[in-house]
Amino acid sequence: MNFNNIKYFFREAFTSLARNSWLSLSSVGIVTVSLIILGASLLLVVNADKLANSVESSVEITAFLKEDVDKSDRLALEKQIHKLPDIDQVQFISREQALQDMKKSFGERADILDSLEKNNPLPDAFRIKTKQAEAVPATAKKLEQMKGIDQVRYGQGVVERLLAITRWVRIASVVALALLTLAAVFLIATTIRMSVFARRREIGIMKILGATNWFVRFPFLLEGIVLGLTGGLLALLVVDLGYISLVNKLKQSIPFIQPVTDPHLILSILGSMLGLGIIIGAIGSWFSLRRFLKI
């Protein structure tokens with residue numbers, strides 16, 4: 001491929017874009033809208049996954065000890081708990097510490113618990129976290145069978161429903177993202193196919209005159225890449241500015257919700273949008289030309 005051919009390819013690509021300006025604008029518009037939807041959906045998936053992980057990480061098991069468990073028995077029991085699969089953390093909470101924690105939760109009304117100082121009814125306990133939230137119910141059943149443990153609490157019933165909800169949130173997010181990606185590819189390929197169809201006679205003449213498939217195809221590939229790149233840049237700006245604005249508003253109005261703000265993750269999502277725009281433009285042009293090159 002010599003320099004004259006390269007000049008010809010770029011000249012043809014940009015001449016076609018200028019000649020079919022309205023169709024080019026509609027292509028860029030569809031690419032932009034499709035990638036905005038995809039980018040916003042991807043950010044939604046990432047934030048939904050973060051929320052699900054946050055909820056799951058807060059799930060823990062409390063194992064209350066029997067009254068007759070002394071220090072040596074407690075240490076032996078703690079070692080036994082650590083040997084269980086999926087155990088991440090085991091923290092001993094003495095009855096005194098449990099009472100102090102309860103006083104903190106009462107705030108200014110903590111004085112009503114002063115009478116419990118002499119006769120503390122709270123039991124010693126282990127606060128246990130598993131590596132995965134799904135392992136909580138099975139681990140709780142194993143703890144109930146251990147000698148020295150009186151009761152096990154982890155929010156039975158509620159945890160199972162919570163895990164089911166977070167699992168369905170992840171599945172629904174991935175399915176929605178996949179459907180939107182397919183829709184974007186279809187819309188962009190259809191638009192580029194319309195551009196190729198409008199120039200089908202020109203392509204036929206070039207083939208009759210002996211032009212190779214690559215010689216015919218390359219200007220259209222460049223055209224698709226330019227359309228995809230332009231749409232990707234516009235979508236990147238809209239999603240970036242929109243997400244920054246949304247994050248700032250959430251921090252002011254709903255401070256307990258912490259959206260994803262990791263700059264590396266955000267940049268990777270925005271970069272993938274730009275790359276996807278270029279790839280979709282090129283693939284759309286490639287497949288749109290196939291039927292017109294069979295002469």
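As the structure is a computational prediction, the values presented were derived from the model and not from experiment.
Summarising the geometry of Thr62 relative to Ala125, their closest heavy-atom pair is CG2-CB, 4.1 Å, with the distance given to 0.1 Å. Leu42 and Ser272 make their closest contact through CD2-OG, 4.3 Å (heavy atoms, listed as atom of the first residue, atom of the second, distance). Leu236 approaches Leu270 most closely through the heavy-atom pair CD1-O, 3.5 Å. The shortest heavy-atom contact between Leu84 and Lys142 is CD2-CD, 4.1 Å. The two atoms that bring Lys66 and Ile149 nearest to each other are CE-O, 3.7 Å, heavy atoms only. Gly39 and Met273 get closest at one heavy-atom pair: CA-SD, 3.6 Å.
To the nearest 0.5 angstrom, His264 atom NE2 is 13.5 Å from Ile269 atom CD1. Note that the CD1 atom of Ile266 and the CG atom of Asp240 stand 8.5 Å from one another [nearest 0.5 Å]. Atom-to-atom distance recorded for Leu234:CG and Ile36:CD1 is 8.0 Å, nearest 0.5 angstrom. The CD atom of Gln80 lies 11.0 Å from the CG atom of Asp73; values are rounded to the nearest 0.5 Å. Expressed to the nearest 0.5 Å, how far CD of Gln132 lies from OG1 of Thr139 amounts to 10.5 Å. For the atom pair CG (Asp86) and NZ (Lys131), the distance works out to 7.0 Å, reported to the nearest 0.5 Å.
Taken together through direct or relayed side-chain contacts under 4.5 Å among Ile, Leu, Val, Met, Phe, Trp and Tyr, Val46 and Val239 form part of one hydrophobic cluster. Linking ILVMFWY side-chain heavy atoms closer than 4.5 Å, directly or via other members, places Leu237 and Leu43 in two distinct hydrophobic clusters. Under a hydrophobic clustering in which Ile, Leu, Val, Met, Phe, Trp and Tyr are joined whenever their side-chain heavy atoms come within less than 4.5 Å, directly or via other members, Leu267 and Val238 fall into different clusters. Both Phe92 and Val152 are members of a single hydrophobic cluster when ILVMFWY side chains are connected at heavy-atom separations under 4.5 Å. Under the 4.5 Å side-chain heavy-atom criterion for grouping Ile, Leu, Val, Met, Phe, Trp and Tyr, Trp168 is not connected to Leu44 through any hydrophobic cluster.
Of the possible donor and acceptor atoms, none in the side chain of Asp124 sits under 3.5 Å from a partner among the backbone N and O of Leu65. Between the side chain of Asn47 and the main chain of Val260, a donor-acceptor pair closer than 3.5 Å is present.
Salt bridge absent: Lys71 and Glu78 never bring a charged side-chain N and a carboxylate O closer than 4.0 Å.
Of the N and O atoms on the side chains of Tyr243 and Asn248, not one donor lies less than 3.5 Å from an acceptor on the other residue.
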Open item on the list: Quick one, Gln97 with Gln91, criterion side chain to side chain contact (heavy atoms under 4.5 Å, CB included). Give me CA distance, side-chain angles, the key distance, then yes/no.
Closed with: CA-CA 12 Å; Gln97 183 180 342; Gln91 181 184 8; 4.2 Å; yes
TODO: Go through Tyr154 and Glu60 one step at a time and tell me if the side chain to side chain contact (heavy atoms under 4.5 Å, CB included) criterion holds.
DONE: CA-CA 6 Å; Tyr154 64 92; Glu60 60 184 19; over 6 Å; no
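Note that Arg153 lies outside the cation-pi zone of Phe64, set by a 6.0 Å cut-off to the ring centre and a 45° limit from the axis.
Put simply, the residue from Ile61, Leu77, Ile93, Leu143 that forms a side chain to side chain contact (heavy atoms under 4.5 Å, CB included) with Phe126 is Leu77.
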